[in-house]
Asker: 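If you scroll down you'll find the structure; I have some questions about it.
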Amino acid sequence: MLRVEHEIARKILDYRELIKLKNTYVDVLPTLISKRTGRIHTSFNQAVAATGRLSSVNPNLQNIPIRTPRGQEIRKAFVPRGPEFLIMSADYSQIELRIMAAFSGDKTMLDAFNNGVDIHTQTASKVFHVGLDEVTSDMRRKAKTINFGIIYGISSFGLSQRLKIPRKEAAQIIEEYFAGFPAVKDYIDQCIEKARGFGYAETILGRRRYLRDINSRNQTDRMFAERNAVNAPIQGSAADMLKIAMIRIHEFMLQERLKSKMILTVHDELVFDAHRDEIEFLSVRVDDIMKNAIPMAVRMETGIGVGENWLLAH
DNA sequence: AATTTCACG
DNA sequence: ACGTACGTGAAATTA
């Protein structure tokens with residue numbers, strides 16, 4: 001029996017969560033506080049991730065817990081430098097799906113974003129053939145999984161596993177998705193075709209990811225490369241956008257001689273140690289720079305939060 | 001040294 | 001018949 005509801009299974013999972021958080025974060029991070037600065041300093045790799053993302057090592061500050069209550073207690077430990085400062089977090093909302101909308105030019109998806117319609121609700125409406133106001137929370141949750149699948153390179157098997165439904169049902173849902181967003185289907189096919197021809201996929205700024213298995217006779221290798229051909233331009237263009245924004249924000253902060261500092265980047269998020277008196281100005285400028293870093297055929301949205309610690313800044 | 005597990009986007 | 005969601009890093013376990 002694979003029932004997570006059984007007491008022992010729940011206890012094991014609970015124990016694993018606890019041990020993970022203790023061993024990886026609670027026992028380690030305090031030992032990494034610099035004597036000189038009183039802070040934890042990470043290093044960013046700029047040439048490790050195949051898509052052009054940064055990665056963070058020694059320690060990795062891009063995987064600080066947030067999803068569980070106990071994990072959130074750890075995130076709360078990240079605080080500003082002093083009483084005159086607050087943590088400010090600015091993140092892109094649905095950046096990868098927005099890029100998918102812009103690249104594919106899918107009218108329904110673009111309209112949803114440009115009119116402020118919740119994208120997962122929009123997807124649920126199309127896939128389950130109900131009105132936008134008839135989408136239930138369960139339908140929206142499933143649509144969210146589907147949308148992630150689209151970005152990652154979907155298969156009926158993969159979707160069936162994650163939704164815990166029969167494979168045939170998953171295949172049906174994928175069909176409905178492509179019927180509802182036909183330009184997305186065309187875009188995905190185009191990504192793969194281009195990669196077959198060139199031997200690489202590229203981002204909006206021209207960063208290439210070479211895909212040596214794109215024409216492989218080994219089906220598993222080839223299909224993996226095909227998913228990369230779809231995902232790399234999206235994930236990589238999001239990385240391009242955030243990096244452009246970071247450069248411009250850094251320049252602006254120098255020009256303005258701000259006391260605030262940009263202290264961390266987490267794929268679609270920037271974190272600031274922000275002086276209380278600068279927050280109004282800083283947030284407006286950061287928001288503007290992020291939204292306009294790379295103009296696309298879709299409106300970019302950001303979420304900005306401020307708080308006494310990193311958790312509260314969300 | 002390679003694999004597994006699990007933390008994040 | 002096969003094997004299956006994208007990108008990472010760290011700690012523990014296996015070999």
Side-chain angles (χ1 to χ4, degrees), chain A residues 12-29 31-32 42-68 70-75 78 89-97 99-100 144-163 167 170-171 173-174 177 188 191-192 195 201 203 207 209 211 213 216-242 264-271 303 310-311 314:
Chain A
I12 290 170
L13 292 173
D14 191 61
Y15 169 79
R16 283 189 187 167
E17 180 197 334
L18 216 50
I19 217 73
K20 177 74 171 186
L21 296 178
K22 178 178 185 294
N23 290 342
T24 307
Y25 305 100
V26 177
D27 288 350
V28 178
L29 291 178
T31 72
L32 299 174
T42 186
S43 298
F44 290 104
N45 287 312
Q46 297 201 73
V48 167
T51 55
R53 277 185 172 183
L54 303 185
S55 83
S56 164
V57 292
N58 293 316
N60 182 356
L61 292 186
Q62 294 184 326
N63 70 345
I64 299 303
I66 194 172
R67 290 173 188 169
T68 67
R70 283 186 290 231
Q72 291 179 0
E73 290 301 310
I74 294 168
R75 189 163 283 233
F78 290 79
S89 165
D91 66 290
Y92 283 109
S93 163
Q94 303 294 353
I95 186 172
E96 294 188 349
L97 282 172
I99 288 173
M100 172 68 92
K144 197 172 173 179
T145 301
I146 296 162
N147 278 332
F148 272 107
I150 292 299
I151 292 167
Y152 295 157
I154 204 162
S155 76
S156 59
F157 180 89
L159 188 64
S160 71
Q161 295 286 297
R162 274 160 189 79
L163 290 181
R167 199 173 64 259
I173 286 176
I174 293 169
Y177 180 93
I188 288 171
C191 279
I192 294 168
T203 69
R207 179 188 295 106
R209 176 172 186 176
L211 299 166
D213 291 331
S216 172
R217 271 74 65 208
N218 181 311
Q219 186 185 240
T220 303
D221 293 348
R222 187 178 64 252
M223 287 178 72
F224 188 33
E226 288 174 357
R227 293 196 294 275
N228 290 158
V230 176
N231 177 261
I234 296 171
Q235 187 180 122
S237 296
D240 289 349
M241 191 181 292
L242 188 68
L264 192 60
T265 170
V266 194
H267 310 309
D268 65 354
E269 174 189 13
L270 299 176
V271 183
W310 194 6
L311 181 68
H314 272 92

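Proteins come first, then strands; the chains are lettered A, B, ... in the order of their sequence lines, and each starts at number 1. Keep in mind that what you see is a predicted model, and the values were worked out from it rather than measured. We use all heavy atoms of the structure for the numbers below, so side chains are in, but hydrogens, waters and symmetry mates are not.
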Asker: Tell me, do A:Ile64 and A:Phe78 make a side-chain contact under 4.5 Å, heavy atoms counted?
Answerer: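 Sidechains of A:Phe78 and A:Ile64: in contact.
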Asker: Of A:Asn45, A:Asn60, A:Thr42, which meets side-chain hydrogen bond (donor to acceptor under 3.5 Å, both in side chains) against A:Ser55?
Answerer: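 Going through the options one by one, the only one that passes is A:Asn45.
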Asker: Is A:Arg67 close enough to B:dA7 that one of its side-chain N or O atoms is under 4.0 Å from OP1 or OP2 there?
Answerer: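 No, outside the criterion.
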Asker: Given atom CD1 of A:Ile99 and atom P of B:dG9, what is their separation to the nearest angstrom?
Answerer: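 Checked: the CD1 to P distance equals 17 Å.
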Asker: Specify the separation, in whole Å, of atom CG of A:Asn218 and atom C1' of C:dT4.
Answerer: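 It works out to 13 Å between those atoms.
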Asker: Less than 4.5 Å apart, side chain to side chain, heavy atoms only: is that true for A:Arg70 and A:Val26?
Answerer: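 A:Arg70 does not reach A:Val26 side chain to side chain.
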Asker: Looking only at atom C1', what distance separates B:dA1 and C:dA5, rounded to whole Å?
Answerer: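 Looking at atom C1' only, B:dA1 and C:dA5 are 28 Å apart.
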Asker: Within this structure, what is the CZ-to-P distance between A:Arg227 and C:dT4, rounded to whole angstrom?
Answerer: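 Answer to the nearest Å: 8 Å.
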Asker: Taking atom C1' in both B:dA7 and C:dC2, compute the distance separating them and give it to the nearest angstrom.
Answerer: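 The answer is 31 Å between these two C1' atoms.
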Asker: Tell me the interatomic distance from A:Leu21, atom CG, to B:dC8, atom P, rounded to whole angstroms.
Answerer: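 Answer to the nearest Å: 8 Å.
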Asker: Touch check for A:Ile66, heavy atoms < 4.0 angstrom, all strands: base, sugar-phosphate only, or nothing?
Answerer: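 Sugar-phosphate, no base atom in range.
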Asker: Going 5' to 3' along nucleotides 7-15 of chain C, which nucleotides have protein heavy atoms under 4.0 Å from the base (write B), which only from the sugar-phosphate (write S), and which from neither (write -)?
Answerer: BSBBSS---
Asker: Are the side chains of A:Met241 and A:Tyr92 in contact, using a 4.5 Å heavy-atom criterion?
Answerer: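 Sidechains of A:Met241 and A:Tyr92: in contact.
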Asker: Measure the shortest side-chain to side-chain distance between A:Leu163 and A:Ile173 over non-hydrogen atoms and say whether it is less than 4.5 angstrom.
Answerer: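 Sidechains of A:Ile173 and A:Leu163: in contact.
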Asker: Measure from CZ on A:Arg222 to C1' on C:dT4 and round the result to the nearest Å.
Answerer: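 My rounded result for the distance is 13 Å.
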Asker: Within less than 4.0 Å of OP1 or OP2 of C:dT4, is there a side-chain N or O belonging to A:Arg167?
Answerer: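 Looking at the OP1 and OP2 atoms of C:dT4, neither is under 4.0 Å from any side-chain N or O of A:Arg167.
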Asker: Is there a side-chain contact (heavy atoms from CB on, under 4.5 Å) between A:Glu17 and A:Leu21? Walk through the geometry before answering.
Answerer: CA-CA 6 Å; A:Glu17 180 197 334; A:Leu21 296 178; 3.8 Å; yes
Asker: A:Ile173 has an atom CD1; how far is it from atom P of C:dA5, in whole Å?
Answerer: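 My rounded result for the distance is 18 Å.
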Asker: Measure the shortest side-chain to side-chain distance between A:Arg209 and A:Thr51 over non-hydrogen atoms and say whether it is less than 4.5 angstrom.
Answerer: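 When only atoms from C-beta onward are counted, A:Thr51 and A:Arg209 do touch, with a gap below 4.5 Å.
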Asker: What does A:Arg162 touch in the nucleic acid at a heavy-atom separation under 4.0 angstrom: a base, only the sugar-phosphate, or nothing?
Answerer: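 Base: the residue A:Arg162, judged by heavy atoms under 4.0 Å, touches a nucleobase.
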Asker: With pairs taken as Watson-Crick or G-U wobble and both distances under 3.5 angstrom, which stems of at least three consecutive pairs involve DNA chain C?
Answerer: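 Stem list for DNA chain C: B:1-9 with C:6-14.
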Asker: Taking the P atom in each of C:dG3 and B:dT3, what is the distance between them to the nearest angstrom?
Answerer: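 Rounded to whole Å, the distance is 16 Å.
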Asker: Calculate the interatomic distance between A:Ile151 atom CD1 and C:dA5 atom C1'; express it in whole Å.
Answerer: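 The distance from CD1 of A:Ile151 to C1' of C:dA5 comes to 11 Å, rounded to the nearest Å.
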Asker: Report yes if some heavy atom in the side chain of A:Leu242 is under 4.5 Å from a heavy atom in the side chain of A:Asp268; otherwise report no.
Answerer: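 They are not in side-chain contact.
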Asker: Contact class for A:Thr145 (heavy atom, under 4.0 Å): base, sugar-phosphate, or nothing?
Answerer: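 Answer is base: heavy atoms of A:Thr145 come under 4.0 Å of a base.
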Asker: Between B:dT5 and C:dA1, how far apart are the P atoms? Round to whole Å, please.
Answerer: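 Here C:dA1 and B:dT5 have their P atoms 28 Å from each other.
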Asker: When rounded to the nearest 0.5 angstrom, what is the spacing between CD in A:Gln72 and NE2 in A:His314?
Answerer: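 It is 10.5 Å, given to the nearest 0.5 Å.
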Asker: Please tell me which of the listed nucleotides, C:dT4, B:dG9, C:dA5, lies nearest to the side chain of A:Ile154?
Answerer: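 Looking only at heavy atoms from C-beta outward on A:Ile154, the closest nucleotide is C:dA5.
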Asker: Any non-hydrogen side-chain atom of A:Leu211 less than 4.5 Å from a side-chain atom of A:Phe224?
Answerer: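 Answer no - side chains too far apart.
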Asker: Let's see if you can work this out: which of C:dA5, B:dA7, B:dC6 has an atom nearest to the side-chain heavy atoms of A:Pro65?
Answerer: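 Nearest to the side chain of A:Pro65 among the choices is B:dA7.
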Asker: Whole-Å distance between B:dC8 P and A:Phe148 CZ?
Answerer: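 Checked: the CZ to P distance equals 13 Å.
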